[in-house]
Participant: 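Would you mind keeping the following structure in view while I ask a few things?
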Amino acid sequence: MQHTLRIGGMTCAACSARVERVLKKLDGVESARVNLATEKAVVDFNPLQVRVSSLKEAIEKAGYQILELSKSPDEDKIRKEKEIKTLWKKFILAVCFATPLLYIAMVPMIKVFPLPFPKALAPMNFPLIYALIELLLVIPIIIAGSRFYTVGFKNLWRRSPSMDSLIAVGTTAAVGYSGYNIFEIAGGNFQAVDSLYFETAGVIITLILLGKSLEAVSKGRTSEAIKKLMGLAPKTARLVASGPEGQVIEKEIPIDEVMPGDIIAVKPGTKIPVDGEIIEGQTAVDESMLTGESMPVDKTPGDKVYAATINTNGAIRFRAEKVGRDTALAQIVKLVEDAQGSKAPIAQLADVVSGWFVPAVCALAVIAGGAWYFAASGGAVTLPAGKSGLEFALRIFISVLVIACPCALGLATPTAIMVATGKGAENGILIKSGTALETAHQITTIVFDKTGTITEGKPALTDAVPAAGFDAEVLLQITASVEKLSEHPLGQAIAKEAESRGLSFLPVEDFKALVGLGVEAKILPKYQEILIGNKKLMQENRIPLDELEAESDKLAGEGKTPMYAAVNGRLAGIVAVADVLKKSSKAAVDRLHRWGIEVAMITGDNKKTADAIAGQVGIDRVLAEVLPQDKAGEVKKLQAAGRKTAMVGDGINDAPALAQADVGIAIGSGTDVAMESADIVLMRSDLRDVPTAIALSKQTIRTIKQNLFWAFGYNILGIPIAAGVLYLFGGPLLNPIFAAAAMSLSSVSVLTNALRLKGFKAD
């Protein structure tokens, strides 16, 4: 049996890993997958051995909350918006108090360019008032960040430390030592005013609250793709039923009431409500929202139709076969949900290190303080004048914790990501999460959807080849004049090209669309019979094609759709229409090849057409004739082969694959659903932004690694000094003031290094 639970209180990868461990320890639980981004746990278990109530109880005992599963995306969205609003309020509160706190703490130390400062707060003249004002200012900040302490210390107590634990330990050390120094000041030791670190704790909490707020905004978008997919399906259907006296009538019913076997009528220009098979009528159906392919598909009795596709030009009746959760659209919704739920969060290096760093530092602080206390009590070491063994040991203990404060460690990753995402936005690259930014540099295979991504996604005239005795311009004028009356996108593409060339349209009579064949018309008095369409139409009218048959095959081999034109029983020429390449496609592929990245193309087109497009761009791997529901499966196969995969697409049918890929990249001109399902959105629809996004990721990862080096560098150098190693050999003892200075310097280094990303330039 499988059950899904929504969990509150998870803040990092260490939290989700702990929930997984707790669930897997229960008898009867076969597997547990916890997704930090969606805050959901999917548990497979034996109901004979364990109940759902036991699963919930285990999670709550681990220190997390069970939240009610939303019945709709709207409920989930409201809950997320409330959470984000609360976080922003806490951040604003923290900023309001952190700003004057930082000013009061820093201004007295500035001697070169003195700034205005109230005399009544002068630390050397009124140290106790100065210290108490700082304490009063930091209290609201601590209240705003109280969750860091409740969660951080709980996780520490349960031997599963997280980033919250690092924040809680470091800021508590700073506040605790500062509180101790207030008592020192009150006792007459006015020099202790130099050992206040309230501003350190206040600024750390404020910056972390900002990061948490931005993270919540990103996570709050997870339900948007599902909501928009669900909104595509029509809400009603026209049921064909028997009326009074045996009359056949059509009545509108809610979509939920449609049952398999019902006969449904669909008018031109409306959406098809459920999946089924046509029993009456002929039409062309726009399936682009489902397949991504721009060309409407001709449909006759016996052909299948799918929910939410658009009936363009003919009235049809069809027998409902799949309804509700069984429709193709519903299956795509499920695929997106599954892909989002199965994507494991990437553990941040800081979270991994925190599992060892926090307990190690705490243990080291206790050991160092205890060792000095017993050494001093036994007379093994000489203490500084006026210091007792307990006071000296406490100073060592606090110094170790202060210098190990995780400010720089906590800022190393988010500051780089914040600067990089801002820089990406400047270049038209919307990066929706830090995870995507961190993962992009590892990509080894990029899969591009064809239609609307590599190509423009709409047909355009590419060739007009006249037969003997005809002029190319005349051929285009005749075909465009007739096709202007057609509703078919291929015909509209021909008419649009003629109009752009300034050709006049001739008066057309007796126009008739031939479903599955083409069109026929007259342009009197000269052209008594005009036929435009496929080879079958020419064969039925005994029009010889030998003259241009080789040319037709050549055009088809290039991925184009050739259409024959015949005038008065004689072949006049061929006009070819194709979904043309974007100008940026080849340049993007070439740049990716220079980095050694494999480029694949996925499409529902036949292999011949797909190979033709791939040859023009330089694609390495072609995945042709792939059904919409199988695109995510193809991405899974690449991932199973050990390839770090990115998917680039624009259609609704691309949404499951975008969610399944390690990094989903959507074209900004594509559907809203594709953009919501993706991790990165290219707002300019320029494929050259794909390698630019990867380049930005590479530079960001370098910056993060440098930041972590500096963050750990200060700790590695400073902790031994804080523990009194140099004092053992006659060297100096690290004053907590310098410990805090070193900690602040590490933060400044990290922030300055992150700001270097502002110099990133797209190639």
Participant: For the side chain of Asp275 and the backbone of Ala307, is there at least one donor-acceptor N/O pair under 3.5 Å apart?
Facilitator: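 Present.
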Participant: Could you go step by step and tell me if Met647 and Gln660 meet the side-chain contact (heavy atoms from CB on, under 4.5 Å) rule?
Facilitator: CA-CA 9 Å; Met647 173 71 192; Gln660 175 61 45; over 6 Å; no
Participant: Is the closest basic N to carboxylate O distance between Arg594 and Asp590 below 4.0 Å?
Facilitator: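 Here Arg594 does not pair with Asp590 in a salt bridge, since their nearest N and O are not under 4.0 Å apart.
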Participant: Thr700 and Leu757: side-chain contact (heavy atoms from CB on, under 4.5 Å), yes or no, with the steps?
Facilitator: CA-CA 7 Å; Thr700 303; Leu757 281 168; 4.2 Å; yes
Participant: Output yes when Glu277 and Lys304 qualify as a salt bridge under the 4.0 Å nitrogen-oxygen rule, no when they do not.
Facilitator: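 Lys304 and Glu277: salt-bridged.
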Participant: Closer than 3.5 angstrom, by distance alone: can the side chain of Ser585 be matched with the main-chain N or O of Ile454 as a donor-acceptor pair?
Facilitator: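 Yes; at least one donor-acceptor contact below 3.5 Å.
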Participant: Closest approach of Ile602 and Asp449, non-hydrogen atoms and distance?
Facilitator: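 For Ile602 versus Asp449, the nearest heavy atoms are O-OD1, 3.4 Å.
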Participant: Is Thr692 reaching over with its side chain to a backbone N or O of Arg688, donor-acceptor style, under 3.5 angstrom?
Facilitator: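 Yes; judged by distance alone, with no hydrogens or angles, the pair exists.
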Participant: Identify the two heavy atoms, one from Val266 and one from Phe318, that lie closest to each other, and give their separation to 0.1 Å.
Facilitator: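 In terms of heavy atoms, the two residues are closest at CG2-CE2, 3.5 Å.
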Participant: Step by step, work out the salt bridge (charged side-chain N to carboxylate O under 4.0 Å, His left out) result for Glu634 and Lys637.
Facilitator: CA-CA 5 Å; Glu634 292 294 333; Lys637 288 178 185 177; 3.6 Å; yes
Participant: Between Thr236 and Glu252, is there a side-chain donor-acceptor contact under 3.5 Å, judged purely by atom types and distance?
Facilitator: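 Judged by distance alone, the side chains do pair up.
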Participant: Just wondering, more than 12 heavy atoms not from Lys698 lying within 6.0 Å of its NZ?
Facilitator: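 More than 12 within 6.0 Å, yes.
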Participant: May I ask you to test the Asp262-Arg319 pair for a side-chain heavy-atom distance under 4.5 Å?
Facilitator: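 No - every pair of side-chain heavy atoms lies 4.5 Å or more apart.
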Participant: Given Ile597, which partner from the list Thr444, Val690, Ile694, Thr445 fulfils the side chain to side chain contact (heavy atoms under 4.5 Å, CB included) test?
Facilitator: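 That would be Ile694.
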Participant: If you compare all heavy atoms of Leu23 against all heavy atoms of Ala41, which two are closest, and at what distance to 0.1 Å?
Facilitator: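 Where Leu23 meets Ala41 most closely, the heavy atoms are CD1-CB, 4.3 Å.
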Participant: Taking Ser697 for the side chain and Leu437 for the main chain, is one N or O donor matched with an acceptor at less than 3.5 Å?
Facilitator: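 Such a contact is found between Ser697 side chain and Leu437 backbone.
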Participant: Can you confirm whether the side chains of Asn313 and Thr283 place a donor and an acceptor under 3.5 Å from each other?
Facilitator: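 Their side chains do contain a donor-acceptor pair, which is all the 3.5 Å distance test asks for.
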Participant: Backbone N or O of Gly269 within a donor-acceptor pair of the Asn311 side chain at under 3.5 Å?
Facilitator: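 Side chain of Asn311 to backbone of Gly269: no pair is present.
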Participant: The test is side-chain hydrogen bond (donor to acceptor under 3.5 Å, both in side chains); show your working for Asp620 and His593 and say whether it passes.
Facilitator: CA-CA 9 Å; Asp620 303 310; His593 280 159; 2.8 Å; yes
Participant: Restricting to non-hydrogen atoms, name the atom on Ile619 and the atom on Met601 that form the minimum distance, rounded to 0.1 Å.
Facilitator: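 Shortest heavy-atom contact: CG2-N, 3.7 Å.
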Participant: Salt bridge check: are Lys582 and Asp686 linked by an N-O gap of less than 4.0 Å?
Facilitator: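 Salt bridge flag = no for Asp686 with Lys582.
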Participant: Might you point out which heavy atoms bring Lys560 and Ala576 nearest each other, and give the distance in Å?
Facilitator: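 Closest approach of Lys560 to Ala576, heavy atoms only: CB-CB, 4.3 Å.
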Participant: Verify the neighbour count for atom CZ of Arg238: are there more than 12 heavy atoms of other residues, nucleotides or ligands below 6.0 Å?
Facilitator: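 It does: Arg238 CZ has more than 12 such atoms within range.
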Participant: For the side chain of Thr645 and the backbone of Val635, is there at least one donor-acceptor N/O pair under 3.5 Å apart?
Facilitator: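 No, because the side chain of Thr645 does not come within donor-acceptor range (under 3.5 Å) of the backbone of Val635.
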